[in-house]
There are 2 protein chains.
Amino acid sequence: MANIKDVARYANVSVTTVSRVLNGHPYVTNEKREAVEEAMEALHYRQNMNAIHLSKGKTRLLGVVIPFVDHPYFSLLLNGMSKEALHQEHTLVLIQTNYDAMKELEALEMLKYKQIDGLIIASRSNTWDVVEGYTEFGPIVVCEDRSSDVVSSVSIRHYDAFYEGMQHLIEKGHQKIGFCIARKTGTNSQLRYQGYRDTLHTIQADYKEEWIFSNCLSIEDGERVVDAYQSLDDKPTALLVTSDQVAAGIRMECQKRNIAVPEELAILGFDNHPIARALDLSTIELPLHEVGRKLVTSALDGNRTIYTQYGFSLIERGSV
Amino acid sequence: MANIKDVARYANVSVTTVSRVLNGHPYVTNEKREAVEEAMEALHYRQNMNAIHLSKGKTRLLGVVIPFVDHPYFSLLLNGMSKEALHQEHTLVLIQTNYDAMKELEALEMLKYKQIDGLIIASRSNTWDVVEGYTEFGPIVVCEDRSSDVVSSVSIRHYDAFYEGMQHLIEKGHQKIGFCIARKTGTNSQLRYQGYRDTLHTIQADYKEEWIFSNCLSIEDGERVVDAYQSLDDKPTALLVTSDQVAAGIRMECQKRNIAVPEELAILGFDNHPIARALDLSTIELPLHEVGRKLVTSALDGNRTIYTQYGFSLIERGSV
DNA sequence: TTGTAAGCGTTATCAA
DNA sequence: TTGATAACGCTTACAA
């Protein structure tokens, strides 16, 4: 592998000059620039990233704290991130936490000890204080609605999305509405919960603790929900479900048990995953790919802290 | 950030000694070792990976050529790889190709120019010759059945899996069997095709070009298959489908169109994805997580070229 | 068993 | 507009 010295020798200039053309710095005559470019071509020169990183004190590595990669919500997010990272010539370091706060802390420590240039937290497990304590070591961006002076935030209007979803169900005549959520804690989950409560309040509708199903992530969880639903004395007539995977599980299980959708039980999903279309599920589409890209650009724009929100769109199909 | 020099000074030893304890080298007295460990603790010392990489001439980066990450087959594979990479203290560089041979070539060039230490090709798009030409630059491992002196191979017995799947369908009384596949080219696809043809031959059964559906990856593709199936004059009575996603699409579309499964059309999927259980699809389970891990260990064991094959298991449910 | 010092391939400071 | 040269933090002959 040819190095910068070889190029300099071949082009009859100093390494500094080579470095200058490499980095597009001024003060290089066209003549020399061309000589350098020729030399690089001839010697098949490629920069040694490690040397650059060492010299600059940067890693070009971006940590990504993510609970799982095999869930559509997160894999879409990851897709967006990886695309943008490639574009910006950074590589992503995957830190799968499974919502383990300790794993997440390890990622924060990586930032502290300069193992990575920045950290993206797709879903947070530690308290806000803990995370904020690490901002002095590098840019942190979270995927939740937080206005903070020190950590950037890229999120979706979960409150509004839930509110609109609820309105849609109410318009269709429902009053007794339950909902399914991944976990009870977490900013996004709480905003959704808030949206749920607030909407019910506007129509002075009933609210039952047992209509709220948590730990809903997968198709299997959807099946479990139907099981729990059937054992209820007072059943909701509609379900707002924060994942199409879960909604799919619910719909398929309803079919098995002869529960008519939407007549007996209406279902509104989230994400607009292909499975939703296949099962004719109404759903709320989220721009996860875009969010993923923005997370990366925000992390890379380390100087400013950025606050961004994305919208959503309701997709009406046959399950409501 | 404390560096190795600081540690050496604090512990009253030379940097070499620190480096020795860091790397578990012999010839360090317990006394000094402890002093160094104390110093590292006290100063919150962390190694600078870039310096190590530069010094050793290694990147600790492993390229992963993968068509998509948002398909269960590949996301399971990726999960296994990322787990093992973490374990071995390497990071994965994702190169999503969407089966674009040029993108894959870029990855091979990264290997040539030492941007990565090794390359894993989860699904190959370039010709074998092209890939083999790059082995001199670093270890390459492919996820397909190839015995080669220079590139490692980790694969699943696709031929046997297909053969066994076919036997299962035949035992259930089927003679007219079609199949769905992602793409026609590719070693794995051809092995499957071979298994299909060979089994049909053993029972002297019919074989129809129009019973073979290619470009099948997603739920949508499954729906498309059912459409094509219905327009057939002479219809197969069973379908061997190389992805549970596609099988799910088929089954759901059959339901919409009142095609009885398995009476009218039997379906056997691949992967044993959760969706298969939910839809009561018989399927063939592949140890993708294990394969992913092995891909990484093989890539890291750069000295030897390794040839490994994994089995599979038939899971009987209600769709056959 | 320990330490000195020469790389590894860049960038950046300073002087020319 | 150019070029020496000193970092960057670590590993590894080689010497002691």
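Throughout, protein chains are lettered first and strands after them, A, B, ... in sequence-line order, and every chain is numbered starting at 1.
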Take atom CZ of B:R9 and atom C1' of C:dG3, then tell me their distance rounded to the nearest Å.
16 Å
So side-chain hydrogen bond (donor to acceptor under 3.5 Å, both in side chains) across residues 288-300 of chain B, not counting sequence neighbours, yields B:E84-B:R293
A:K114 side chain N/O closer than 4.0 Å to the phosphate oxygens (OP1, OP2) of D:dG9?
no
Could you work out how much the helix from C:dT1-D:dA16 to C:dA16-D:dT1 bends, comparing the axis of its first five pairs with that of its last five, to 10°?
40°
Report the residues that fulfil side-chain contact (heavy atoms from CB on, under 4.5 Å) with A:T127, sequence neighbours left out, ordered by chain and then residue number.
A:D129, A:V130
Name the closest nucleotide to the B:H25 side chain, picking from D:dC10, C:dT10, D:dT12.
D:dT12
Check this one for me: any side-chain N or O of A:S19 less than 4.0 Å away from OP1 or OP2 of C:dT11?
yes
B:N23: what forms a side chain to side chain donor-acceptor pair (under 3.5 Å) with it, not counting sequence neighbours?
B:S19
For B:V15, give me all partners under side-chain contact (heavy atoms from CB on, under 4.5 Å), at least two apart in sequence or on another chain.
B:I4, B:K5, B:A8
Within the 4.0 Å heavy-atom criterion, would you say A:K32 contacts the bases, only the backbone, or no part of the nucleic acid?
sugar-phosphate
Among A:L62, A:V154, A:V141, find the residue that satisfies the side chain to side chain contact (heavy atoms under 4.5 Å, CB included) test when tested with A:V296.
A:L62
Can you pull every protein N or O that's under 3.5 Å from an N or O on nucleotides 13-16 of chain D?
none

For A:Q190, what residues pass the side-chain contact (heavy atoms from CB on, under 4.5 Å) criterion, not counting sequence neighbours?
none
Taking OH from B:Y27 and P from D:dT11, how many angstroms apart are they, rounded to a whole number?
19 Å
Check step by step if side chain to side chain contact (heavy atoms under 4.5 Å, CB included) holds for A:Q96 and A:I66.
CA-CA 5 Å; A:Q96 277 193 68; A:I66 201 164; 4.3 Å; yes
Give a yes/no answer on whether the side chain of A:N3 brings an N or O atom under 4.0 Å of OP1 or OP2 in C:dC8.
no
Just to verify, what does B:Y134 make a side chain to side chain donor-acceptor pair (under 3.5 Å) with, not counting sequence neighbours?
B:E109
Identify, with sequence neighbours excluded, every residue that meets side-chain contact (heavy atoms from CB on, under 4.5 Å) alongside B:E34.
B:N30, B:E37
Round to the nearest Å and state the distance from B:Q115 atom CD to C:dG9 atom C1'.
13 Å
Side-chain N or O of A:T29 closer than 4.0 Å to phosphate OP1/OP2 of D:dT1
no
Please identify each residue that fulfils ring-ring contact (aromatic ring centres under 6.0 Å, His included) with A:Y99, with sequence neighbours left out.
A:F68
Can you name the residues that form a ring-ring contact (aromatic ring centres under 6.0 Å, His included) with B:Y310, not counting sequence neighbours?
none
Positions of residues 38-59 of chain B (non-hydrogen atom under 4.0 Å from DNA chain C), listed by number
B:L54, B:S55
